[in-house]
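Before any comments, here is the structure.
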Amino acid sequence: MTLTVTNATVRYGTTVAVDAANLTLEGAEIVAVLGPSGSGKTSLLRAIAGLEPLTSGTVTWGGEDLTRVAPHQRNFGLMFQDHALFSHHDVLDNVAFGLRMRGVERGERQRRAQDMLELVGLVGFDHRRVDHLSGGERQRVALARALAPSPRLLMLDEPLASVDRERRDQLARELHRILRANGTPTLLVTHDLDEAFGFADTIVILDRGRIVQTGPTRAVWRRPHTLAIARFLGVSSDIACPRASGLVTTPWGSVTTDAPGTGTTIVGFRPTDLRVNAGGAVTGRVVATWFRRDHFVVDVETAVGRLTAHSSNPEPVGSAVALAADLEAAVLVEPAPTGA
Amino acid sequence: MRAFGPRVARGLLVAVPLGFLAIFFLWPVGAILGRGLRTGGSLDLRSLAEVWRDPSLRHVLWFTVVQAVLSTIATLAVALPATAVLSRFQFRGRGLVIALLTMPFVLPTVVVGTAFRSLGLSGSLTAIITAHVFFNVAIAVRVVGEAWRALDPAEEDAAQSLGAGPILTFTAVTLPALRPAIVAASSIVFLFCFTSFGVILILGGPRFATIETEIYRQTAQLLDLHTAAALSIVQLVAVVAALLVAGAMTSRVRTSTRLPVRRPPPTSRRSQLLLALGLLPATVLVTVPLGDLVIRSLANGAAGYSHLTSTPIGAPGSPLQAIATSIKVACVATVIAVALGLALAHALTRPGRRVGIARVAELLVLLPLGVSAVTVGFGFLIVFDTPPLDLRTSWWIIPIAHALVALPFVVRTTVPVLRAIDPRQRETAAMLGAGPAQVWRTVDLPIVAHAAKVAAGFAAAISLGEFGATLFIVRPETTTVPVAIYRFLSRPGVTNVDQAMALATILMVLTGVVAVVAERGSRIEARS
């Protein structure tokens, strides 16, 4: 079964929140829509859910046009950022809610709800009040509730945003395990890189209402279409490098590229992938330095531009340093093939 | 509903209550405007000019304003010290004092009028003002008190750390922050005093007349509908002006969603003295008349009560019949007001694309709040006397009038609760497969149920005490308790006064029971 969003546009008055977005989701895939806040990702999600009317475009599921179908008839699950648990129901009634709406009889829906609580690791929480739960527990109740009616598509809006920082990693892993175990096709929207790249098979990058890149997680991470996308994905240093016959020559050596022809390719590095190292091929002068818990981050003015790198030592401003690069991690800005 | 389809059902939810308002509110008020402003089919403002030219009517206008201004000032003078100490100190029995001070608000005007008569206070300006203070202390305590509790004590602390003494802190920080609340409370109090009817009619005697009582006199005694209509228009304009001021100010009152800060108990001698002095005038004013009413009703071996039973229950206008009628009317009016009020609240809070319609509806719903009950009653009288809607002889006209008066209160009580529901709760329910009706039943209803209960209590209390509109449309066989009390009071003789006292006590107890039952659920909030 395939979710297909075609030319979806959402407009509020004169503002265009989502501009002619195209998106497909196949099989048990996890797709993350990633974009800064205000990029229209929540509007896109709500439009797919049916909560926001499309100004134009269509949403179909397996060929069935859902554009005019009411949200409660779509059989899509949605988990809101702040979970929106029903505070007048206990945990079990929250999880069983969707089954109750579908007229599943009591015994059956309690059994199913308990299975779901087991899946999310909340056995024995049945009759707890939801407002007495921790952030992580609430998140899991919300997930169990969304999954209980076996939706054909699960949608998550910034699933970890309202969870404490310390608990985030563990919950992210947990969420990943549950989503894989459950096998429901999942659409996730987030502004958080860890959330998107930690879960998804496919990344969709949204910028000011437009989808600017779609692709497999690794490809998007390594080969952003524009420098702006690269920067959004954490690239802090960029160098224009010559390209010829499938090879881009950087100061540290060559990397292969799919971009055709001869010309210039922008090569980017995340701070972790450039290091202050005595034998480094690029030299320069430190212009700023910060302490970051277990390492230092330095800005270095070089012949190829200003670069940001990791350092084990607090290099004083003005000192001369050499930089080495992890070429494996180099990011190549490769424009989308024309016509795609 | 399925047969109609959801769109039709939703349309009906809006159309039925709006239709009700159009027929039972806009039409009568419009008819009054027509009577007052037109003669022989053309616009004629002469009647308004006549009101101005007639010295006795001009005196009525003047007195209406003067008594309302004086009552408002007196109310603030009594209520603000009490509000100050209630807001600043935490002490045992604080909730009880607040309940005591706010209770008069639901009491029928006729009961209060009777209570002040029983104290021997009547036929004077003092009596009228005191009775108005008695009623309206509740409004000032509630409105200003809430704003005061919402103040962040850190602001006062900051002022003190910047070198301001207690007095300067109060005048430079506290008072400016409270000003919108005080102005809002004042304009509501002014409005209630301006349109006060029962109190003036019972305590004012023939010497003191306001626009409200004059409309009644012109209609019921002089049969001069033209002048009555002109007076109603003057009333309407004044009320709308006061409402606008109140509305503008209320929107500026700071509301806080954070938990109220725990205030210190009054430990020092000085603060205990302040507490006592602050609460004394308000509590004495509220308890003495009611206590006296109960005691007087029991005088002479409770003669009033035994007289009440002497007229057989079936006889039209008998006191027992009036009690039965009042209870029946209150039940029906409550059902109508709550059903229509919830439908309207639902329509007003549902995010829709037709914002314009919602705005108009909201305004329309709140209008009866400002338009006096006498205007409603008078409007009913002149409109529903011809077919197809000849309701004069129908019993239904009374609960309908009461429901109309209660409707704005129901809407105002339930709308904020529905607005406070996170729309994502409804959306989540929809995503989980709940259709519109199921969403309402599973998300809205459990949350609004409590507010609806309070609103129902409010509606029932309003209906039990409604006097102004009822007096116009009542018939001997449909006499309600407040009207019966008024009739007893207007007849000479000790027996009649005794019966009025007894009936007023019964009505007070009835209203009290309704208020207590309705407030049961909201105890938790009051405790904080």
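Each chain gets a letter, A, B and so on, in the order the sequences are listed, and its residues count up from 1.
- Ranked by non-hydrogen atom pairs under 4.5 Å with chain B, the options A:His89, A:Arg145, A:Arg100 are led by A:Arg145.
- Atom CG of A:Leu78 is separated from atom CZ of B:Arg424 by 10.0 Å, given to the nearest 0.5 angstrom.
- Looking at A:Ala49, both its backbone and its side chain come within 4.5 Å of chain B, counting heavy atoms on both sides.
- Atom OG1 of B:Thr442 sits about 11.5 Å away from atom CG of A:Asp93, to the nearest 0.5 Å.
- Distance check, rounded to the nearest 0.5 Å: CZ of A:Phe80 to CG of B:Asp422 gives 8.0 Å.
- With hydrogens and angles ignored, the 3.5 Å screen pairs no side-chain donor or acceptor of A:Gln73 with any backbone N or O of B:Gly433.
- Scanning all heavy atoms of the two residues, the minimum distance from B:Leu432 to A:Met101 falls at O-CB, 3.7 Å.
- Remark: side-chain polar atoms of A:His88 are not paired, donor with acceptor, to backbone N or O of B:Val443 under 3.5 angstrom.
- Between A:His72 and B:Ala434, the shortest heavy-atom distance links the atoms CB-O, 3.0 Å.
- Contact annotation for A:Leu99: neither backbone nor side-chain heavy atoms come within less than 4.5 Å of a heavy atom of chain B.
- With a 4.5 Å cut-off on non-hydrogen atoms, A:Phe86 touches chain B through its backbone and its side chain both.
- Heavy atoms closer than 4.5 Å to chain B are found nowhere in A:Arg74, neither backbone nor side chain.
- In this structure, the portion of A:Met155 lying under 4.5 Å from any heavy atom of chain B is its side chain and not its backbone.
- With a threshold of 4.5 angstrom between heavy atoms, A:Pro71 approaches chain B through its backbone and through its side chain.
- Heavy-atom distances place no part of A:Asn75 under 4.5 Å from chain B, backbone and side chain included.
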Just do the side chain to side chain contact (heavy atoms under 4.5 Å, CB included) check on B:Glu427 and A:Arg46 with the steps written out, would you?
-> CA-CA 10 Å; B:Glu427 291 173 355; A:Arg46 291 173 59 83; 2.6 Å; yes
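- Heavy atoms of A:Ala146 lying under 4.5 Å from chain B belong exclusively to its backbone.
- Around CZ of A:Arg11, the count of heavy atoms belonging to other residues, nucleotides or ligands within 6.0 Å does not exceed 12.
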